[in-house]
Amino acid sequence: ELVVQTKRVGAEIQPTMYGLFFEDINYAADGGLYAELVKNRSFEFPQNLMGWKSFGKVSLKDDGPFERNPHYVRLAYSGHPHKQTGLDNEGFFGIGVKQGEEYRFSVWARIPEGGEAGKIRVELVNTASKGERQAFATETLTIDSKEWKKYQVMLKPNVTDAKAVLRIFLASRPTVDLEHVSLFPTDTWKGHENGLRKDLAQALADLKPGIFRFPGGCIVEGTDLATRYDWKKSVGPVENRPLNENRWQYTFPHRFFPDYYQSYGLGFYEFFLLSEEIGAEPLPVLSCGLSCQFQNTDADAHVAVCDLGSYIQDALDLIEFANGSIDSPWGKVRAEMGHPAPFNLKFIGIGNEQWGKEYPEHLEPFIAAIRKAYPQMKIVGSSGPDSEGKQFDYLWPEMKRLKADLVDEHFYRPETWFLSQGSRYDNYDRKGPKVFAGEYACHGKGKKWNHFHASLLEAAFMTGLERNADIVHMATYAPLFAHVEGWQWRPDMIWYDNLKSVRTASYYVQQLYALYKGTNVLPLTMNKVPVTGGEGQNGLFASAVYDKLKDEIIVKVANTSDKAQPLTLKFDGWKKKEVLSAGRCIKLASADPDMDNTIGKPSAVIPRESDLQVSGQVLNVNLEPKTFAVYILKK
Ligand code: AHR
C-alpha cells in the first residue's frame, strides 16, 4: 500500500533537476554531435596529414591565413594529364552521407601564382563496393584569386553511404593551395552552418533537460595543464580555433585512438546556444588549475595557488562572454558570433572531480573573485570521485566552509550500490550546499555496458533524488554519447554510427523523470512506513510529486524484484468528494534484463503508455516484475 500525502505539498522541484552532461569522450564532439564530416580539416594534427591520404604532388606549407592553424596543403600539376594530384579524407570512421540530402563542401583556397584560374574537383567516393571505387557525387570549384578566399559548393549524393571518402583532385595546370577543408550536411540542428547532427541534438531536446553541463569531465582538466579545455580558444571564427589534444585519446591500454583530437569547432558559443535551444540552463565547468588527478598526481601538474590569476580571469571573462553587454570586450565577441542578447548564465562549475587538500585551496580564490564581481552567480564545487565515500567525507565540509552553492558528486557503481542508495540523501546536511549528482550510471553485474536491468536500478535510485529535491537540485547521467566504433567508456546514454542513433533504456529512464518531474515533492508511505528509500521494500522503490501547473499527481515506482506486486495507491487527506478522474501509466520493462536498444533494434526497450481505469479514491494496480512505472493521475 502506497499512501501519497497530497495535502502536504513539499519541497519545490528545481527546473534544473534533471539534465544532461556533455563530454567529448567516445567521439562525442568531432565525429559525433558536431556535424563536421572532415577529420583534421586544418592539417594541424601532429602528423599533419593524419586522416588524409595524398597522391601526386601535394606539399605541406605553414604560412597560411589563420594564425593559430598555420598549415595548409599545396596541390601542384603532376606533369602528365593521366597522373593525378589530390587527397582523400577518411572522415570519422568514414564519412556518412544520405541520399537526397545536401552537403556543403567549403574550403579556403588561393592560386599562389596568380594569373590563370585553378580548379579542384570534389567527390564523394564509395569505399564499400567491391572492386571499383565509384564517385557518387562530384562538383568542380574554380579558384580565381591569388588572395585567400572561402569557396563552397553543394554535393548531392544519389546513394546513402555510411563510409564514404571525400576526394579532392587538382583539375587544372595552375597550382592551388587549400586550407580548412570542410564538409557539413546542410540539414543540421536548427540549420546552423557550423552546426550539430540533427538526430543527436534532437535526442537531447526530447529529454527536456533542465541543466546542460559542459565541456567535461576530465576534458576540463586535460591530461596535463597544457591540454586542459581552454574556452577562449573555442570561440571566434572556427578557422582560427586551434586544435587541442583529447584527454580520452588514451584510456587504459585497450582503448587507444591516436587520431582523437578536439577541433574546438563545437566550442563554448555552440554549447551556450545549444543550451538555449533545448531549454536547459547552461553549466560550464572550468579548470581550477589542477590537471586530471585521476591520471597525474605530480606536483608540476598543479598551478600554485598564488599563480592562479589567469585561471580566475578566465572564469570572470567567461561570465562576461555569456552575460556581458555587447560593449564589454567578451560580450562583443559573443555578439559578433551572432548572439547579441546575453545567454543569462546562472551557474558556473570550478574544477571537475578534484580531490585532496589542493582542491579547496584552489577553489577558494575563485569563489572570492566570482562572488565579488557576480554575487548572484551560483558556484558549483566538486567532491571528488566516489572512492567508497572517502573523498566526499573530506570535501563536503570544505565545500560548506567555502559556501559553494552546489557540490558535484560522481558515482559509477555496481548494481548492489544502486540498490542500497535509495536513502542516500535523506540525511544530508540541509544547511550546506545543494547536491548536483553530476555523473552517475549503474555498471551492472560486472557488465559495463548498457542493459535494461542497470537502467531499472538507476530508476530505483532516482526515487531517492526526487524525494530529496529540497537538497538535490540537479542530476545528470554520464557519459552522454558514444560512437559505436570509437568508444572509450560505457555504459553511455545515446549511441550512434555515422548515420543513425539509438536511445538506450537509461535514456528513457532519464526522460521519464525529466518529463514527469512535477513541481513539488509529495511525501508518501509504503505499508504505513514513510518511504525513505534504503533498500526499498520488497524490492519496491517509490517517489511522488505534484505538478501544480497541470494539477497532476505523479507516482514513480520501480519494482526491482522478480515478482509481480499488487499496489494500492491511496491519497491521504482527501475529502469524500475528491476522487480520481483520469489516469495513465507509462512503463519501461523488458522480459530479458540484459536487453537494450541497438542501432539495429532501437525499440527493444521503450516506454509504453496505457490508460488507467480510475474511480473513487483508491487505485489498485498490479506492477509486473522488473518494471519501472510512472502513474500520472488527476483528481
Ligand atoms: O564520464 C567519464 C569520466 O568520468 C569523466 O570525465 C570524469 O569526470 C569521471 O571520472
Side-chain angles (χ1 to χ4, degrees), residues 19-30 32-33 204 211-225 227-229 244-252 254-257 260 262 266 271 283-288 290-297 301 348-356 359 362-363 380-392 395 406-414 417-418 435-443 448-450 454 458 474-483 486-495 504 506-507 510:
L20 298 166
F21 160 54
F22 178 91
E23 173 165 35
D24 188 1
I25 185 171
N26 308 319
Y27 286 80
D30 297 83
L33 182 60
L204 305 187
I211 189 84
F212 185 68
R213 174 180 178 239
F214 58 88
C218 296
I219 282 285
V220 167
E221 314 158 275
T223 311
D224 46 32
L225 287 171
T227 56
R228 72 186 189 279
Y229 196 103
N244 193 26
E245 190 181 288
N246 190 308
R247 179 251 169 280
W248 293 110
Q249 192 174 80
Y250 180 75
T251 338
F252 321 120
H254 49 292
R255 305 299 297 177
F256 176 50
F257 293 92
Y260 194 7
Q262 299 174 77
L266 172 51
F271 283 128
L283 169 50
V285 185
L286 296 189
S287 162
C288 64
L290 299 171
S291 70
C292 186
Q293 295 178 59
F294 177 61
Q295 286 288 296
N296 199 340
T297 49
I348 188 166
I350 304 296
N352 168 65
E353 216 177 66
Q354 253 80 37
W355 69 81
Y359 176 55
H362 280 65
L363 182 61
V380 184
S382 148
S383 58
D386 171 30
S387 58
E388 313 295 333
K390 283 192 201 95
Q391 310 298 344
F392 290 179
L395 281 165
L406 291 110
V407 176
D408 180 6
E409 297 196 337
H410 297 174
F411 19 81
Y412 296 100
R413 303 302 296 268
W417 188 92
F418 273 80
V435 173
F436 173 27
E439 296 184 29
Y440 64 92
C442 174
H443 288 188
K448 288 191 180 181
W449 60 80
N450 294 92
E458 286 155 6
M474 300 175 182
T476 55
Y477 179 95
L480 179 57
F481 281 131
H483 193 294
W487 58 269
Q488 288 88 24
W489 185 298
R490 55 186 185 175
D492 306 289
M493 202 157 88
I494 300 166
W495 287 79
T504 60
S506 291
Y507 172 95
Q510 295 293 320

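These figures come from a predicted structure and were not determined experimentally. Note that ligands are numbered from 1 as they come in the structure, with each ligand's atoms numbered from 1 the same way.
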* Structure fact -> Per-atom filter on ligand 1: closer than 4.0 angstrom to a heavy atom of H410 are 8 (O)

* Asked: Between V407 and S383, is a side-chain contact (heavy atoms from CB on, under 4.5 Å) present by the stated rule, with each step listed?
  -> CA-CA 6 Å; V407 176; S383 58; 3.5 Å; yes

* Close side-chain approach of T223 to S291, heavy-atom, < 4.5 Å -> no

* What are the two closest non-hydrogen atoms of A28 and F481, and how far apart are they? -> CB-CB, 3.7 Å

* Looking at G217, which atoms of ligand 1 are within less than 4.0 Å of one of its heavy atoms? -> 5 (C), 6 (O), 8 (O)

* Asked: Is the shortest heavy-atom distance from the side chain of N352 to the side chain of E439 under 4.5 Å?
  -> yes

* W248 and ligand 1 - part of the residue with a heavy-atom distance under 4.0 Å -> side chain

* Check N352 against ligand 1 and report side chain, backbone, both or neither, counting heavy atoms closer than 4.0 Å. => side chain

* **Proximal ligand 1 atoms for P479, defined as those under 4.0 Å from one of its heavy atoms** => 1 (O)

* Can you list the atoms of ligand 1 that are under 4.0 Å from a heavy atom of E23? -> 1 (O), 2 (C), 3 (C), 5 (C), 6 (O)

* Structure fact -> In F257, W495, W487, the residue satisfying ring-ring contact (aromatic ring centres under 6.0 Å, His included) with Y27 is F257

* N246 and D24, any side-chain heavy atoms less than 4.5 Å apart -> yes

* Structure fact -> Checking heavy-atom distances from atom 1 (O) of ligand 1 to each of Y477, Y412, F21, the winner is Y412

